[in-house]
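Computation of the quantities below employed the complete heavy-atom set of this structure, encompassing side-chain atoms and omitting hydrogens, waters and symmetry-equivalent molecules. Residue numbering restarts at 1 for every chain, and letters A, B, ... go by the order of the sequence lines. Given the structure is predicted, the values throughout are model-derived calculations rather than measurements.
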Amino acid sequence: MDDDEDYQALFFTECRELLTDLAEHLDVLAAGEGDLETVNAAFRAVHSVKGGAAAFGFDTLISFAHVFETVMDQIRGDRLELTDDVSSVLLRAGDVMEVLVEQAQLGGGEPPAKLERVLADLEEIADIVPTEEGEDTSDLVEAQSDAVDVAEADLPDETVFQFLFAPGPDFIAAGHDPLRFFKSARNHGLTEILADPEVVTLDDVDPAVIPIRWTLTFETEETAEDLDEFFEFYRMVADITPIGDPVEDPVEEAVSDQSQASAPDFPEEAPQMPPPAVKPEPEKQEVVPERPAPVSESEKARAPEAQTPAKPTQQTKSLRVDLNRIDRLVNLVGEMLITQAGLAQRMTEETNAQGLEVDHSVESMSRQLRELQESVMAIRAQPVKSVFSRMPRVVRDLADKLNKKARLELTGEQTEVDTTVIEELSEPLTHMLRNSMDHGIEDPETRTELGKDPVGLIRLSAEHKGERVIIVVQDDGRGIDRDRVLAKAIERDLVSPDDVLNPEEIDQLIFHPGFSTASEVSSVSGRGVGMDVVKKKIQSLGGRCVLVNNPGKGSRFTITLPLTLAVMDGMTVTSGGQQFILPLSSVVEAVRVGSCKIRQLPDDSSVMERRGDYLRLLSLRKMLDMPKSQSDQDMAIILDTETDGHVALQVDDLIGQRQVVLKSLEANFKKVAGVSGATILGDGHVALILDVPGLIELLDGTQPAAEMIH
Amino acid sequence: MTEMAEIEIPTDKVATSKNIEYFQYVTFLVDERTFGLDIKNVREIKQWSATTSLPNQAKFTRGVLNLRGTIVPVHDLRARFGGPLTEATDTHVVVIVWIGTKTVGVLVDAVSDIISISAEDIRPVPQGQPNGDGSTIAGLVCSEDAMVALLNLEVLFPDESVLLE
């Protein structure tokens with residue numbers, strides 16, 4: 001029961017990977033850059049999904065995948081030309097399959113409306129194809145396709161071999177699976193599988209050992225040596241003994257037998273299948289290459305290369321690990337870093353002759369720890385591909401809905417970012433693409449009039465820059481219409497008509513909460529939840545979002561994000577005898593309060609003059625109601641609040657810059673306004689990490705200041 | 001889970017010849033008054049150390065401390081019951097308890113004893129007390145020299161993260 005669920009979970013994890021691969025391959029094909037290998041890879045992905053779905057009985061998924069697979073098979077057999085129409089159907093089929101997998105996972109749900117349409121399209125292209133020798137296309141299409149391969153080729157005489165195949169006790173333990181063995185053997189002309197009637201009694205059954213022996217009949221043009229080579233891989237764990245002498249066989253018979261034996265799924269027709277315990281595929285590497293890359297010529301082309309045992313070892317080995325385990329490791333390394341920092345601090349306090357050598361050790365330990373931390377973080381890193389690959393579908397769907405044409409260009413998909421960041425990226429990215437599609441890209445007619453390519457271009461790219469990752473969303477649409485934005489902002493009372501704003505300031509208005517330029521509320525961009533949501537999300541991840549607007553030519557959003565959410569660069573300050581961490585990403589500069597002009601405003605708030613600008617001067621001590629201390633409020637840290645421009649935060653002293661390990665307050669307490677988390681200092685004390693926009697919100701919030709201070 | 005609990009019985013409950021189940025409670029003092037907590041909810045007892053205060057919290061929330069890498073809030077029991085903030089010194093202790101899935105520290109004056117009591121010994125709190133919100137006390141026990149008020153932690157320090165989200 002539990003095992004089943006585990007396997008199912010595994011299946012869905014794999015499905016997601018397969019679908020990601022599929023989408024990628026289909027995109028390549030649609031761009032006309034694919035070769036036979038791409039087609040094969042896409043076919044394998046569909047096939048593997050189907051195989052897994054069959055094991056769990058997801059009927060809708062199976063039947064859809066089956067038709068999809070048929071079309072793919074025709075393409076790889078060169079029986080169907082990959083025209084633009086075909087590839088667009090394939091792309092949509094990929095999308096539908098994704099939806100079906102999601103539904104299978106969540107259980108139930110209406111089949112998507114697109115299903116019928118896409119299925120009809122798929123069937124249509126499958127049918128268009130003139131079939132050779134009048135094969136029946138409506139029936140078992142896969143069987144047909146395999147049979148065609150055989151029939152159309154000018155086959156040499158085939159030989160019949162028979163073998164007794166007895167899996168040894170280690171067969172399953174070695175990672176083999178009889179089903180897979182038979183499937184591969186099929187490519188070598190396996191036509192008949194007969195289970196040996198002698199089976200061990202129930203008392204002696206060991207679930208880890210296959211109790212059945214099979215007689216396998218091969219009808220193939222391959223020589224005994226070829227088959228030997230194929231068996232070589234299995235000889236270690238199974239007894240494979242030839243029975244009798246090879247017999248020459250007339251071709252016609254071979255064909256009819258062939259088409260029968262290579263019918264789509266073994267499980268349905270082979271009652272002697274192994275017990276279900278061995279079913280689920282243990283590793284991805286073994287699942288994917290189960291079908292070699294056959295070309296439409298003859299059975300010979302299907303021959304061993306892809307099947308040789310050397311193949312799996314060439315692939316990079318990977319291991320699927322529960323994220324929790326890695327998190328524990330990350331935490332532990334964090335602890336060690338803190339302990340180490342404490343140790344180092346004590347070392348500097350107590351220097352003596354002996355201490356010097358210990359000092360060296362402590363120092364090298366610090367280096368090793370940092371390296372350890374980097375390695376652990378690297379485990380959590382994932383290419384942004386997993387998010388990026390979902391985006392073409394978003395753009396496609398929107399293009400459909402909005403009757404626009406657009407092409408999404410992805411670069412830097414291999415850029416690695418921490419998984420936690422990746423998970424959070426999908427939503428803002430989707431939002432931004434929607435925005436580009438809805439407001440940016442013009443409809444094809446307008447674009448043609450403007451002399452632009454009727455197909456809009458959206459670029460999505462990722463790259464590393466130092467300790468941060470930079471993601472750019474750029475479109476070649478109309479850009480942001482400043483007049484409209486300003487008019488809207490005035491209408492919404494966001495600015496007064498008398499305000500003089502420079503162009504950049506107008507652009508920034510789109511990040512204002514509740515701002516949406518779509519004149520009508522469209523289903524695409526929603527109502528007013530626009531760029532402010534994106535900006536909030538990015539900020540909550542410790543990132544920044546910058547907009548460059550080029551009216552008429554397009555707009556560019558640049559998102560800068562930390563590589564991980566587990567550690568952060570921070571600026572340590574003190575206020576009222578307590579240390580606080582400010583995220584370094586929001587610190588602009590630090591100045592001595594004494595060197596600046598401070599003015600008191602009538603409402604008792606103060607402003608600080610800085611290079612001709614007036615900045616709000618906020619006292620951290622007052623905001624947090626901390627006690628006074630001697631070195632009172634001598635420093636001002638100028639911070640970028642993202643929403644309210646720059647502010648100056650008055651603190652007692654500046655300690656310096658350091659990397660901190662983020663700890664959650666919510667784990668044992670609750671979310672505290674103005675505080676994004678906490679970290680542990682070298683001396684074991686807790687320091688709070690301040691959330692600058694949150695602090696400002698607190699200050700400007702509905703609560704009167706007196707109530708805010710407890 | 002239920003099986004686990006049954007296995008644990010011998011360690012927590014001291015069986016007697018009469019076969020009455022006994023529960024163990026940790027008792028501690030705040031202002032000469034004795035409070036008790038089921039020993040199963042007590043994770044450890046720690047000497048008071050300075051906490052990092054949090055902005056804009058209830059008065060009885062003293063701040064957070066580092067418990068071997070996890071951040072744990074510390075509440076002042078005296079202040080929670082309406083008294084002034086405890087002027088904590090090295091002799092004060094923080095009882096680290098589990099409340100649901102959360103780990104929380106409770107600042108008290110001193111830990112006094114571990115007592116074994118049977119379910120029969122626990123008396124209900126008289127209803128209609130003028131000042132008391134009775135639900136914060138789960139029950140009363142008369143031990144040899146004092147009356148022990150058994151705390152209801154879920155009511156005293158509710159999990160506010162659920163409410164806020």
**Study point:** Minimum side-chain heavy-atom gap B:Ile71-A:Ile680 below 4.5 Å
**Key:**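 In short, these two side chains touch, coming nearer than 4.5 Å.
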Check your understanding: Do the non-hydrogen side-chain atoms of A:Leu695 and B:Pro55 ever get within less than 4.5 Å of each other?
Key ->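 Of all side-chain heavy-atom pairs linking B:Pro55 with A:Leu695, none is under 4.5 Å.
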Review point. Does B:Lys102 reach the main-chain N or O of A:Phe669 with its side chain, forming a donor-acceptor pair under 3.5 Å?
Key: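 Confirmed, B:Lys102 side chain pairs with A:Phe669 backbone.
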Practice item. Measure from the side-chain N and O atoms of A:Gln578 to the backbone N and O of B:Ser53, and report whether any donor-acceptor pair falls under 3.5 Å. Key: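 Yes: the side chain of A:Gln578 pairs with the backbone of B:Ser53.
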Review point. Taking every heavy-atom pair that is under 4.5 Å apart, which of B:Pro73, B:Ala50, B:Gly63, B:Gly100 has the most such pairs with chain A?
Key: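 The candidate making the most pairs under 4.5 Å is B:Pro73.
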Review point. Where is the tightest heavy-atom contact between A:Asn668 and B:Thr103, given as atom of each residue plus distance?
Key: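 Minimum heavy-atom separation between A:Asn668 and B:Thr103: OD1-N, 2.8 Å.
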Point to revise | Nearest heavy-atom neighbours spanning A:Gly684 and B:Asn66 | key: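 The answer is O-ND2, 3.0 Å.
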Check your understanding: Does any heavy atom of chain A fall under 4.5 Å from the side chain of B:Val104, the backbone, both, or neither of them?
Key ->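 Just its side chain gets close to chain A.
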Practice item. Can you tell which part of B:Leu65 gets under 4.5 Å to a heavy atom of chain A, answering side chain, backbone, both or neither? Key: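 The backbone, not the side chain.
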Exercise for review: Mark yes when over 12 heavy atoms from residues, nucleotides or ligands other than B:Arg33 sit less than 6.0 Å from its CZ; otherwise mark no.
Suggested key: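 No, CZ of B:Arg33 has 12 or fewer neighbouring heavy atoms, counting only those of other groups under 6.0 Å.
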